[in-house]
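To start, the structure itself, in structure tokens.
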Amino acid sequence: MTQLLRVQNFTVSSDGFGAGEGQSLEKPFGHADPGELLAWALATDHPPVGRSGAGSRGLDDYFTRDYARDIGAEIMGRNKFGPQRGPWQDHQWQGWWGDEPPFHTPVFVMTHHTRPSFTLSDTTFHFVDGDPAAVLARAKEAAQGRDVRLGGGATIIREFLDAGLVDTLHVAVAPTKLGSGARLWESPDELLDRFHQDVVPSPSGVTHHLFWRK
């Protein structure tokens, strides 16, 4: 069966930004408030972080519950991994997620400044310098027949979209504006030349946009 490259549960503001400006160790999303941007996911029974079993069920929970289904590897940009820029100054930094990252698969971090791989729990982080097609080939091999998740941020997703490598996307549009930052799109209509689209509003206030390749 064909291995897919999937974007899942990626959240943007109503003006298309996946994160704000001014990322730092204390502010992974820059000037954006992650509690506001990701409120829809954090309130579900299967939140992206924290314990399951204490939140809402329904449409939003369907998407968060589906996060790990048939995923064998993840690709992310360096800014999703951490706030450092340029050559690595601190190899002690091992990501935002502590000793139990939520990925449970090999993760390929795209960066022009490589560093040795390391493992936390059942997640191994690899730091790779390559074009999207080459990195995807490595991730598919590591996924051993399962799909690959493209985790973001927005800049990396745009790179893979522009390279024609993304098969499916789920983007949740939150009812908040950021004004600036890392932009995924000005309008989801930008993707309609390449993808079919369904739009599903949620009672939580977000709107789920589902895309699959034509």
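Atoms CD and NE2, from Q84 and H91 in turn, are 8.0 Å apart once rounded to the nearest 0.5 Å. With values rounded to the nearest 0.5 angstrom, R65 atom CZ is found 5.5 Å from R57 atom CZ. Here E159 contributes atom CD and L165 contributes atom CG; the two are 10.5 Å apart, rounded to the nearest 0.5 Å. We find the OG1-CG distance between T176 and D33 to be 8.0 Å, quoted to the nearest 0.5 Å. A distance of 10.5 Å separates CZ of F10 from CD1 of I156, quoted to the nearest 0.5 Å.
Remark: side-chain polar atoms of H104 are not paired, donor with acceptor, to backbone N or O of D122 under 3.5 angstrom. Judged purely by atom type and a 3.5 angstrom limit, H208 has no side-chain atom pairing as donor or acceptor with the backbone of D60. A donor-acceptor pair under 3.5 Å links the side-chain atoms of D15 to the main chain of G179, judged by distance alone. Side chain of H170 to backbone of N9: a donor-acceptor contact under 3.5 angstrom is found. Between the side chain of Q94 and the main chain of L120, no donor-acceptor pair closer than 3.5 Å is present. Side chain of R146 to main chain of I71: a donor-acceptor pair is present (N/O by atom type, distance under 3.5 Å, no hydrogens or angles). Between the side chain of W88 and the backbone N or O of H113 there is at least one donor-acceptor pair closer than 3.5 Å.
With sequence neighbours excluded, no residue forms a salt bridge (charged side-chain N to carboxylate O under 4.0 Å, His left out) with E36. By the side chain to side chain contact (heavy atoms under 4.5 Å, CB included) test, K214 pairs with H196, sequence neighbours left out.
The environment of CD in Q144 is sparse: at most 12 heavy-atom neighbours from other residues, nucleotides or ligands sit within 6.0 Å. The number of heavy atoms from other shown groups lying within 6.0 Å of NE2 (H112) does not exceed 12. For F118, the CZ atom counts as densely surrounded, since its 6.0 Å shell holds more than 12 non-hydrogen atoms of other residues, nucleotides or ligands.
Seen from the ring of F103, R149 does not count as a face-on cation partner, given the 6.0 Å and 45° thresholds.
Of the residues listed (T168, D147, D70), the one engaging R6 in a side chain to side chain donor-acceptor pair (under 3.5 Å) is D147, and it is the only one.
Between F211 and H209, the ring-plane angle classifies as parallel under the 30° and 60° cut-offs.
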